[in-house]
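Every chain is numbered from 1, with letters handed out A, B, ... down the list of sequences.
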Amino acid sequence: MEHPMTEAGTRIPTRVPEWARKVAEGLGGGPHVVVSGISVSGNIHAGNLREVLVAEAVAEALRERGERVRFIFHADTIDPLRKIAPGIPESYEEFIGHSLSRVPDPEGCHVSYAEHFLAPFEEALREMDMDIEVLRSHELYERGVYTEVTREALDRTEDLRLILQDVTNRKMPGHWSPFSPRSSSGKLTGMRVLEHVPGRTSVVFAGEDGFEEAADYSKGEGKLGWRVELAARWKALGVTFEPFGKDHTTSGGSTETADRMAREVFGYPVPGRYEYEWIGLKGRGDMSSSRGIVLLPKDLLRIMPPDAVRRIILGRDPARRFDLDLGEGFPRFMDEFRAEGGWEHPVPFIHLVTVAQTVGENVDAAAGMLSRGGYERAARNPEELARWLAYARNWAREWAPEGMKIGLLSPEESRELAAGLDDDQRDYLAAVAGEIGPDLDGDGVQDLLYSTAVGRGLKPKRAFAAVYKVLLGKTSGPKAGPFIAGLPPEEVRRRFRL
RNA sequence: GGGCCAGUAGCUCAGUGGUAGAGCAGGGGACUUUUAAUCCUCGUGUCGAAGGUUCGAUCCCUUCCUGGCUCACCA
């Protein structure tokens, strides 16, 4: 798979990170099935994306080696709704215990609760040009993909129960079953399984009201419990690699259980694994839907291209925790990203931010400003430029520290603020206005601003302060010469003649 | 309590069995020009602590200390 990386728009292959290559080396011969599984009980955020990207990197490493790879995103759509997330109506209380795929979308825009959160994520994956297959667990159950493993699990209920007790150190209730049937009410939780009828791929159970019901597990009328399902899924899908977050790999955790179940019950070798650490948001802590700290993949795609998302989310090494800095440190990240990506003559991101904020959506104006600033090359590709201006503009609006946000004042606003200047400063601006013209480049303007100030006995500091005040309403700003040279001269004159 | 990870210059981190580096910040200087501007120049820090292995360890082993994370289907 390839991704656009260069300014000219040519495509060069995604670089496979070293750590991924090493992981792939330990995986043996193919064909491979690489899986990343994520819950759709809430926003699928940029942290979740890390898991998918880890899986992608390993899949790429395998492909690079010539293996056949099936890369799957497994969405846990059949899982029951567990609690009412913030922002979800209280009335959803009645759906607790129901499959996310069968709960209505709280905002009414998708066919289900699950789809509401899955769809935007899927879209982001598409936008990232990811070669991935998205599977919905409720469909897998309905299609019978899990029928065999479910039967096996039911037949080996006792063994599974022992493993579960052993690993978690908890006593499971006597009526414990690896399978949770769905009752006629729609609930998946709290049913008591009474009997397994393998011939009919069915389970007889006591419903909430005590009456007996039956569920056909070949039709998705229920699901395996999480830890059992994990092991069962490996077998059913032939999984050979799956990354896990720290929460699952802890001792007594779900992977420890599933590993034993796979080996001892399902007779399936434990897939290769990579344990990744979590990422936080600088200054805000770990991502958490319930605490409102949510960064969506789409938020990232608004301020950087897909490969930059890959880079920033994976970091140097996904086994290491780190905090995303989308504020002050972001421009540097972007410059590094492009330097490594082989960009020729990239415009410093911070400069793009200045340009984007000055010209708004006007790409021609931006191109003009850039070429006058010495970045003719970047000005030559309007499409590419428009894309990058959008990144810069979005970043400035959504993430930039206050000090970096600028906006050219309207002539009226300029006039108002000019009232706060003293006569020396106004006279100075007027003098500059008389000299400024299209023939001056950035250095020329800088020179003009400085020498005019000195020539009139005005301290440069106060001179520049006046310039920024009238243009931006601030006392400092981007380097004045190139900035002003990029503006249409008449606009500058209008604001300087007071 | 169990598990995992980290502890190297002010900050963020690289790093190798032979006594340590980068970026940023910061100091100084240059360009008649302080700025989200270029160039030049400046870093002896007990490489968390103590033992051990070794001719020799920051890098290997052990223990400990400190911090972080995780152990409820929230990556």
Exercise. Can you check the F330(A) CZ to U12(B) C1' distance for me, whole Å?
Worked result: 18 Å
For this session: Measure the distance from CZ on F179(A) to P on C73(B) and round it to the nearest whole Å.
Result: 19 Å
Exercise. So, is the end of the R192(A) side chain (NZ or CZ) under 6.0 Å from the ring centre of W176(A) and within 45° of the ring's axis?
Worked result: no
Mind listing the N/O atom pairs, protein and nucleotides 4-6 of chain B, below 3.5 Å?
unit_1, atom_1, unit_2, atom_2, d
C4(B), O2', K246(A), NZ, 2.7

For this session: Taking atom C1' in both A75(B) and U70(B), compute the distance separating them and give it to the nearest angstrom.
Result: 11 Å
Exercise. Nearest nucleotide by nearest heavy atom, which residue falls closer to the 5' end of RNA chain B, V454(A) or E336(A)?
Worked result: E336(A)
Exercise. E123(A): what forms a side chain to side chain donor-acceptor pair (under 3.5 Å) with it, not counting sequence neighbours?
Worked result: K298(A)
For this session: Quote, to the nearest angstrom, the C1' distance that separates C73(B) from U63(B).
Result: 38 Å
Problem set entry | Atom P, compared across A20(B) and G48(B): separation rounded to whole Å | 14 Å
For this session: Using whole Å, report how far CD of E51(A) lies from P of U70(B).
Result: 16 Å
For this session: Please determine if R273(A) and D259(A) form a salt bridge, counting it only when a charged side-chain N lies under 4.0 Å from a carboxylate O.
Result: yes
Problem set entry | C73(B) OP1/OP2 closer than 4.0 Å to side-chain N/O of R227(A) | yes
Exercise. What integer number of Å spans the C1' atoms of U58(B) and G18(B)?
Worked result: 12 Å
Exercise. Does the ring of Y276(A) lie flat against the base of A75(B), closer than 5.5 Å centre to centre with planes under 30°?
Worked result: no
For this session: Considering only atom C1', compute the distance from A57(B) to G17(B) and round it to an integer number of Å.
Result: 6 Å
Seminar exercise, completed: Looking only at C73(B), G2(B), A75(B), the nucleotide nearest the T250(A) side chain is G2(B)
For this session: Could you state the atom-to-atom distance from NZ of K459(A) to C1' of U32(B) in whole Å?
Result: 17 Å
Exercise. In the strands shown, is A6(B) matched to any nucleotide by a Watson-Crick or G-U wobble pair with both distances under 3.5 Å, and which?
Worked result: U66(B)
Exercise. P atom, C55(B) versus A50(B): distance in rounded Å?
Worked result: 22 Å
For this session: Find the distance M334(A):CE to C24(B):C1' and express it as a whole number of Å.
Result: 19 Å
Problem set entry | Rounded interatomic separation in angstrom, taking CG from D325(A) and P from C24(B) | 16 Å
Exercise. With rounding to whole Å, what would you report as the distance between C59(B) and U19(B) at their C1' atoms?
Worked result: 12 Å
Exercise answer: donor-acceptor pairs, residues 424-433 of chain A side-chain atoms, under 3.5 Å, sequence neighbours excluded:
unit_1, atom_1, unit_2, atom_2, d
Q425(A), OE1, D422(A), N, 3.2
Q425(A), NE2, R462(A), O, 3.1
R426(A), NH2, A418(A), O, 3.3
Y428(A), OH, L449(A), O, 2.8

Exercise. Within the structure shown, what part of the strands sits under 4.0 Å from D247(A) by heavy-atom distance: base, sugar-phosphate, or nothing?
Worked result: sugar-phosphate
For this session: Provide the full list of salt bridge (charged side-chain N to carboxylate O under 4.0 Å, His left out) pairs with a residue in residues 240-249 of chain A, sequence neighbours left out, each pair given once.
Result: R233(A)-E242(A), K246(A)-E275(A)
Problem set entry | Rounded P spacing from U34(B) to A49(B) in Å | 44 Å
Problem set entry | Partners meeting side chain to side chain donor-acceptor pair (under 3.5 Å) with T189(A) (sequence neighbours left out) | none
Problem set entry | Nucleic acid footprint by protein, nucleotides 33-39 of chain B - heavy-atom cut-off 4.0 Å, B for base, S for sugar-phosphate alone | BBBBB--
For this session: Could you check how far CD of E256(A) sits from P of U70(B), rounded to whole Å?
Result: 19 Å
For this session: Quick one: list whatever passes salt bridge (Lys or Arg N to Asp or Glu O under 4.0 Å) with D166(A), sequence neighbours left out.
Result: R260(A)
Exercise. Which whole-number value in Å describes the distance from H98(A) NE2 to C73(B) P?
Worked result: 21 Å
For this session: Assert yes or no for the condition that the ring centre distance of Y274(A) to W19(A) is strictly below 6.0 Å.
Result: yes
For this session: Identify, with sequence neighbours excluded, every residue that meets salt bridge (Lys or Arg N to Asp or Glu O under 4.0 Å) alongside K405(A).
Result: E402(A)
For this session: Could you tell me which residues satisfy side chain to side chain donor-acceptor pair (under 3.5 Å) with S39(A), sequence neighbours excluded, listed by chain and number?
Result: S41(A)
